[in-house]
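Have a look at the structure below, then the notes.
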There are 2 protein chains.
Amino acid sequence: MDASEKPLYKQIEDYVLDQIDKGIYTEGEPIPTEVEFCKLFNTSRATVNKALNILAYNGVIYRTAGKGTFVRMYSMDKQMKKLMGFTEQMKMLNVDSSTEIIGYSRVKADRIPKVKELFKLGNDDFIHKIERVRYVEHDPIAVECIHISPKVISNLQVEDIGGSLYKFIEDTIGVKIGSSNFVISAMNATDEIKSMFPCEVNVPLLKYEQETFLMNGVVFEYNEIYYLSNKYQYKGSNFR
Amino acid sequence: MDASEKPLYKQIEDYVLDQIDKGIYTEGEPIPTEVEFCKLFNTSRATVNKALNILAYNGVIYRTAGKGTFVRMYSMDKQMKKLMGFTEQMKMLNVDSSTEIIGYSRVKADRIPKVKELFKLGNDDFIHKIERVRYVEHDPIAVECIHISPKVISNLQVEDIGGSLYKFIEDTIGVKIGSSNFVISAMNATDEIKSMFPCEVNVPLLKYEQETFLMNGVVFEYNEIYYLSNKYQYKGSNFR
DNA sequence: AAGTGGTCTAGACCACTCG
DNA sequence: GAGTGGTCTAGACCACTTA
């Protein structure tokens with residue numbers, strides 16, 4: 001495990017994913033057994049077992065005791081799940097995306113009681129509030145209202161938030177983002193939301209609310225994103 | 001591992017979840033170390049490590065080498081992710097739910113080309129098509145259009161599909177369900193959908209499309225569910 | 001009966017954090 | 001330096017599937 005940075009079980013994961021990408025391991029067909037991988041990587045069964053079980057948990061392969069390990073079928077999405085921001089998501093899809101900031105303000109906590117309670121703020125705290133428009137191929141897709149806790153970031157510059165907010169936080173502030181909860185609903189645009197869009201809004205909106213936590217469990221941001229329903233859909237997968 | 005049916009690492013998972021539920025392990029606070037769990041369950045570190053890492057992957061706890069293991073903060077939802085049908089979901093939420101079948105037919109594959117292609121059917125195959133209304137506390141929440149592949153189930157009785165479809169498949173047919181992909185979008189009700197609802201539809205709909213796979217990767221069903229947006233929201237979580 | 005993955009043991013060394 | 005989780009080894013027994 002010395003020569004290479006990555007742990008061995010991750011290298012095995014990557015190897016299997018690569019073989020699937022190359023079409024060497026194909027859909028529905030068995031891949032080598034644990035013992036065979038042991039010889040291939042000169043390692044123990046526990047390490048191979050860990051690698052293959054992670055891939056199985058993520059839906060890449062499926063395993064049956066007594067039979068073997070097989071490549072799963074895909075159709076909509078191949079990627080394993082990841083917590084990603086919009087900019088990162090769009091880059092992965094190889095689409096040209098951009099963001100326009102249409103407002104930045106510091107709002108007294110009282111004015112947004114829901115967020116005040118979520119962040120556990122006092123009356124004298126100010127919430128960072130950012131309003132942005134998201135474009136894909138120069139076409140407006142969504143408007144977004146971001147609330148950031150002053151407990152995590154006290155000073156925020158407008159230029160900090162032009163691109164991926166998550167990347168900024170992790171790189172510049174050096175705090176690791178842990179998890180997020182979200183709620184998706186459908187709604188008609190209110191007049192306030194209509195005024196934020198740089199175009200006519202004549203379709204329903206897909207509303208995506210999200211609260212994001214740092215690794216230590218502290219709430220760091222609360223977002224509301226309003227997507228034009230004819231231009232964005234939410235995709236996901238579930239596994240047993 | 002003999003006396004109890006469950007593997008030891010699952011028992012440890014359940015124990016930790018139970019301690020969190022009871023408030024004995026609390027948010028942000030450390031839980032016992034791996035070595036302490038080893039003594040508590042009279043087991044080896046590998047087993048404890050597996051249990052705690054599964055909980056960490058599912059966002060229940062977070063771990064830092066050199067520091068320890070801590071309980072994460074929750075706010076919207078506590079449950080770990082699971083692939084669940086509507087009936088199972090509602091039971092977990094302790095809500096009274098029911099389903100009314102408003103139509104069952106076998107439709108020639110040509111009539112629904114999208115589904116024909118997904119199931120890889122020939123021209124002479126017939127797709128099982130079921131239309132249901134979902135109620136929560138006797139209040140209509142959604143209408144649903146289910147398509148089941150004749151390759152997986154050739155004969156389907158109406159009484160088979162009154163409750164949880166997944167439970168029926170797994171129990172009666174004896175085939176294990178593996179994974180699903182889904183797409184969520186917002187839309188206005190079409191006249192066809194309006195006619196399926198036993199009530200007025202004057203809000204946008206949250207559309208949930210889903211394709212479900214068996215363990216071996218075969219597509220087994222394709223669903224379209226139309227939720228009244230004022231009565232249902234989709235909730236989820238993401239983790240790094 | 002032979003082979004598969006599921007589970008488990010009893011060790012080990014490492015990088016990291018903290019006092 | 002003591003303690004933590006991260007990773008790994010070299011064995012083991014089991015239930016299950018397939019021939």
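Keep in mind that what you see is a predicted model, and the values were worked out from it rather than measured. Side chains included, hydrogens not; waters and symmetry mates left out as well; all remaining heavy atoms used. Lettering follows sequence order; numbering is per chain, from 1.
- Close to D:dT9, at under 4.0 Å from its OP1 or OP2, lies a side-chain N or O of A:Thr43.
- For B:Tyr57 and D:dG5, the OH to C1' distance is 19 Å, given to the nearest whole Å.
- Here B:Thr47 reaches the OP1 or OP2 of C:dT9: one of its side-chain N or O atoms lies under 4.0 Å away.
- Side-chain nitrogen and oxygen atoms of B:Thr69 include at least one within less than 4.0 Å of the OP1 or OP2 phosphate oxygen of D:dG5.
- Under 4.0 Å is where a charged nitrogen must lie from a carboxylate oxygen, and between B:Lys39 and B:Glu34 no such pair does.
- The separation between A:Lys39 atom NZ and C:dG3 atom C1' is 12 Å, rounded to whole Å.
- Comparing B:Phe41 and A:Leu52, the nucleotide of DNA chain C nearest to each residue sits closer to the 5' end for A:Leu52.
- Atom pair A:Lys6:NZ and D:dG6:C1' shows a separation of 16 Å (rounding to whole Å applied).
- Side-chain N/O atoms of B:Lys50 include one lying less than 4.0 angstrom from OP1 or OP2 on C:dT7.
- The side chain of B:Thr33 lies closest to D:dG5, out of D:dT9, C:dG5, D:dG5.
- The aromatic rings of B:Phe41 and B:Tyr15 sit perpendicular to each other, their planes meeting at more than 60°, with 30° as the lower class boundary.
- The phosphate of D:dG6 has OP1 or OP2 within less than 4.0 Å of a side-chain N or O from B:Asn49.
- Mapping B:Val35 and B:Ala46 onto DNA chain D via the closest heavy atom, the residue that lands nearer the 5' end is B:Val35.
- With respect to A:Ile148, the side-chain contact (heavy atoms from CB on, under 4.5 Å) criterion is satisfied by exactly one of A:Ile130, A:Ile127, A:Val115: A:Ile130.
- Phosphate contact (OP1/OP2 of C:dG6, side-chain N/O of A:Asn53, threshold under 4.0 Å): present.
- Residue A:Arg63 places at least one side-chain N or O under 4.0 Å from the OP1 or OP2 atom of C:dG6.
- Rounded to a whole Å, the CD atom of B:Glu34 is 16 Å from the P atom of C:dA10.
- Rounded to a whole Å, the OH atom of A:Tyr62 is 18 Å from the C1' atom of C:dG6.
- When distances are taken from the side chain of B:Ser44 to each of D:dT7, D:dC13, C:dT9, the shortest belongs to C:dT9.
- Rounded to a whole Å, the CD1 atom of A:Ile61 is 14 Å from the C1' atom of C:dT4.
- Atom CD1 in A:Ile54 sits roughly 10 Å away from atom P in D:dC8 (whole-Å rounding).
- If you take CZ of B:Arg45 and P of D:dG6, they are 8 Å apart, rounded to a whole angstrom.
- Here the side chain of A:Tyr9 is nearest to one of D:dG5, C:dT9, D:dT7, namely D:dT7.
- Closest to the side chain of A:Leu8, out of D:dC8, D:dT9, C:dG5, is D:dC8.
- With 3.5 Å as the limit, one finds no donor-acceptor pair spanning the side chains of A:Gln233 and A:Tyr227.
- One finds no side-chain N or O of A:Lys67 lying less than 4.0 angstrom from the OP1 or OP2 phosphate oxygen of C:dG5.
- A donor-acceptor distance shorter than 3.5 angstrom exists from the side chain of B:Gln11 to the backbone of B:Lys6, with no hydrogens or angles considered.
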Which is it for B:Phe182 and B:Tyr208 under the ring-ring contact (aromatic ring centres under 6.0 Å, His included) test, yes or no, and what are the steps along the way?
CA-CA 7 Å; B:Phe182 62 88; B:Tyr208 183 98; 5.2 Å; yes
